[in-house]
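Numbers for residues simply follow the sequence, beginning at 1.
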Amino acid sequence: MFKKAVEAKSQQRLSGADRKKLKRTVKDKFPRASDSDLDILLPPKTEITVAKFQARVHVYAVEGGFPVFFDIDGRGSDIFPTVYALWMVPELLPAFILKGGEVSRYVIGGADLMFPGILVPPEGLPSFAAGETWAVKVPENPAPIAVGSTTMSSAEALKAGLRGKALRITHHYRDLLWESVEGRYVPNAGFLEDAVFGHPSLLSSPSDDSGLTEAACETSIDQQNNTKSDEAEGSRVANDENNDENTADEATAGVRDLKLTDSGSPNDPNDQHTLSTSDVDLLLDKCLLQALHTTLKDKDLPIPGSTLWSNHVLPCRPSGITLDIKKSSYKKLAKWLQAKASSGLISVKEDKHKKEVVLFSVNRKHADYSSFKPEKRPAEKPDQSSVQSVNETRSSKTLEVTEIYKPSVHVNPIFSSVGADTGKLYTVSEATDIVFAYIEKQNLVKPTNKSLVVLDAILCDALFKGAIKKGTTYPTEIHKKDLGQTFVSRMQPHHVVTRGNESVVRKSALKTIQILTERRQGNKKVTKLSGMESFLIDADALASELQKKFACSTTVGELPGKKGFEVMVQGGVIDDLGRHLVEQYGVPKRFIEVFDKTKR
């Protein structure tokens, strides 16, 4: 999966509720994990961050440390541990043992695991079901090198003669998820020297070597044959085996030092780079100036110190370096920001309610700001082949809803003033950028309070003309945090609904799906569903699907006096129907209205 570099769309800390939800999901998904194992993977007093990538892929990591879990669909149903997590808790997952180095060579080269490459124990093939999460290990070494999901059950595998694809690899040692970690951590106090290839005797004996080579060749043949039934996946495997052998050789040459650690956590920053206190201080200043030049805009102010740190400062640190405020002379984030405020670079205030320092303004005429030259970091375009490989694991029914807005007569003067197209559709963030560009052009930020904007005649009319009752005085200023929402509310709402390759743009706000349950003659219940067309759901196909799911009769009819169709299901399935729309069609809960007329 992680074969091509794709830049994260966003990165943020998990809230307390999301943290608990992640812990419950991990505990349910991996029953082998004890409470102490969970505390090792998700330390109680350490911040957990989530990076969101293309195609809803989420990567969870310990802040300042290493990724521990990744979620393919972003819903918690397809969550996997990383190799870093498996190095900390090797028995978190059941594992397939490889026959030797020649097989592991293909796995860490990016190929899926085939049954001929698995070492079957004397007691027989272990029992497993299709879709289970398993790790991959080499003989006599407890450090897993890959993780994936089974393609068939053990019973099906025995019927097939232990041939074909056993495990679809989602992440492995030396892929880009592993390489994305600063310092590229490898555990260094371990059990064996031959971590990936196993015991040297496995490679020293000519007979054993030929057996392993035969298994590897058998694996290659099965993978090539598999392309007939799974073209996209199989072609990728074949390319890895036939065209990238040199790459696999380089990868396996470096993994001989892979070992497990007896104590401590791989999330310890001391295992990566050792910086002096003065070096950390200089690095903090450099990252702050880089953020002020590149990512932090005036429209983002005021901003809490914790948000500044996680969303702006940390992403600006150099590759291969761990930035820890506790290793600096300041020790705390608040003291560091106050020190920068004392130098005149920024202005901060302490929020007594939240007990947090808030950044209010940036002095962009300061000598440090003016003399600093930010590093140019070209944005990488999302690689289509990488996105396609991730999309293979997603349902074809995935829904994406985007709210967009068109300039109205109220806000047209603002768009014209900054040279923006008044006939174009804008997202909320794009529309907010337009109004802040106008404010910067007209220099409307209040000098005595940078969080307020002074309203001139054009901006005041755009925000409040026609919305203020007669006789009421128009406001003269507005807070920055209220400006964007007020400005967007004066535009014409539209929405874009995308499902698979089909996309539709419609005027007005998105209408909700309505689910209604009522009683008919004989005290029987029926459930009616309407409005599914807004989410590109075919009424006939849905009715047929619900008929099989609920084992009841369904009918489709036109809505009286309205456009669209209504699906009627026999029985009171109002809760199950709503859950089905959310889980199978990705309809957000806020777009589903439920009316139960059977309750008195």
Side-chain angles (χ1 to χ4, degrees), residues 8 11-14 19 42-51 61-68 84 180-185 264-297 300-352 354-364 366-375 377:
Q11 181 173 347
Q12 63 189 38
R13 289 179 176 178
L14 287 184
R19 183 191 182 98
L42 303 171
K45 295 184 179 180
T46 306
E47 294 292 341
I48 305 298
T49 62
V50 55
V62 177
E63 188 172 64
F66 304 93
V68 286
Y84 293 107
S180 67
V181 175
E182 298 179 2
R184 297 179 185 178
Y185 168 80
S265 168
N267 288 309
D268 185 0
N270 294 327
D271 288 340
Q272 301 180 48
H273 295 272
T274 302
L275 299 176
S276 64
T277 301
S278 59
D279 290 337
V280 176
D281 290 347
L282 292 174
L283 183 59
L284 284 172
D285 295 344
K286 178 181 177 181
C287 293
L288 177 62
L289 290 170
Q290 177 76 16
L292 295 181
H293 274 276
T294 57
T295 63
L296 187 66
K297 308 299 181 183
D300 300 325
L301 303 177
I303 183 173
S306 59
T307 306
L308 171 70
W309 174 261
S310 60
N311 292 357
H312 299 281
V313 176
L314 282 182
C316 290
R317 66 191 186 275
S319 177
I321 298 296
T322 296
L323 191 59
D324 188 355
I325 192 72
K326 295 180 181 179
K327 302 295 183 182
S328 69
S329 60
Y330 305 101
K331 303 300 181 184
K332 293 183 179 180
L333 178 63
K335 289 185 178 181
W336 174 55
L337 293 177
Q338 289 168 352
K340 297 294 103 181
S342 300
S343 67
L345 176 61
I346 58 177
S347 64
V348 298
K349 290 183 180 179
E350 184 176 359
D351 190 333
K352 295 182 179 180
K354 297 182 179 179
K355 296 181 180 181
E356 185 177 16
V357 172
V358 179
L359 173 63
F360 272 86
S361 64
V362 179
N363 182 8
R364 302 193 184 272
H366 194 273
D368 292 345
Y369 183 90
S370 303
S371 60
F372 182 79
K373 294 182 179 180
E375 298 178 1
R377 299 180 180 182

Applying side-chain hydrogen bond (donor to acceptor under 3.5 Å, both in side chains), can you list everything that pairs with [X], at least two apart in sequence or on another chain?
X: Thr295; result: His312
X: Arg364; result: Asp298, Tyr369
X: Asn311; result: none
X: Ser306; result: Glu356

Rounded to the nearest 0.5 Å, what separation is found between the [atom1] atom of [X] and the [atom2] atom of [Y]?
X: Leu292; Y: Cys287; atom1: CG; atom2: SG; result: 11.0 Å
X: Leu308; Y: Leu296; atom1: CG; atom2: CG; result: 6.0 Å
X: Leu282; Y: Thr277; atom1: CG; atom2: OG1; result: 11.0 Å

(request) Scan residues 338-348 for pairs that pass side-chain hydrogen bond (donor to acceptor under 3.5 Å, both in side chains), counting only residues two or more places apart or in two chains. (result)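 For residues 338-348: Asp285-Lys340, Ser347-Ser361.
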
(message) With a 6.0 Å cut-off (strictly less than), is the heavy-atom count around NZ of Lys326, excluding the residue itself, greater than 12?
(response)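 Not buried by this count: 12 neighbours or fewer within 6.0 Å.
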
(message) Donor-acceptor check, side chain of Asn363 to backbone of Gly344, threshold 3.5 angstrom: yes or no?
(response)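 Yes, the answer is positive, given that a donor and an acceptor are paired below the 3.5 Å cut-off.
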
(request) Give a yes or no on whether the backbone of Thr307 and the side-chain of Arg13 come within a donor-acceptor separation of less than 3.5 Å. (result)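 Between the backbone of Thr307 and the side chain of Arg13 there is no qualifying donor-acceptor contact (under 3.5 Å).
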
Mind checking what makes side-chain contact (heavy atoms from CB on, under 4.5 Å) contact with [X], not counting sequence neighbours?
X: Ala334; result: Val357
X: Lys297; result: Lys299, Asp300
X: Leu333; result: Trp309, Trp336, Leu337
X: Ser328; result: Val280, Asp281, Leu284, Ile325, Tyr330

(message) Going by the rule ring pair (Phe, Tyr, Trp, His ring centres under 6.0 Å), which residues pair with Phe372 if we only count those two or more places apart in sequence or in a different chain?
(response)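 Ring pair (Phe, Tyr, Trp, His ring centres under 6.0 Å) check on Phe372 returns His293.
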
(message) When you compare the side chain of Leu323 with that of Leu314, does any pair of heavy atoms fall below 4.5 Å?
(response)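 The answer is yes; the side chains approach within 4.5 Å.
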
(request) Using a 4.5 Å cut-off on heavy atoms from C-beta on, say whether the side chain of Leu14 contacts that of Thr49. (result)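 A side-chain contact under 4.5 Å is absent here.
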
(message) Which heavy atom of Lys286 sits nearest to which heavy atom of Glu375, and what is that distance?
(response)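 Closest heavy-atom pair between Lys286 and Glu375: NZ-OE2, 3.1 Å.
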
(request) Search all heavy atoms of Pro374 against all heavy atoms of Gln290 and return the closest pair with its distance. (result)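 Taking Pro374 first and Gln290 second, the nearest heavy atoms are CA-OE1, 3.3 Å.
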
(request) Could you walk me through whether Val358 and Glu350 pass the side-chain contact (heavy atoms from CB on, under 4.5 Å) test, one step at a time? (result) CA-CA 6 Å; Val358 179; Glu350 184 176 359; over 6 Å; no

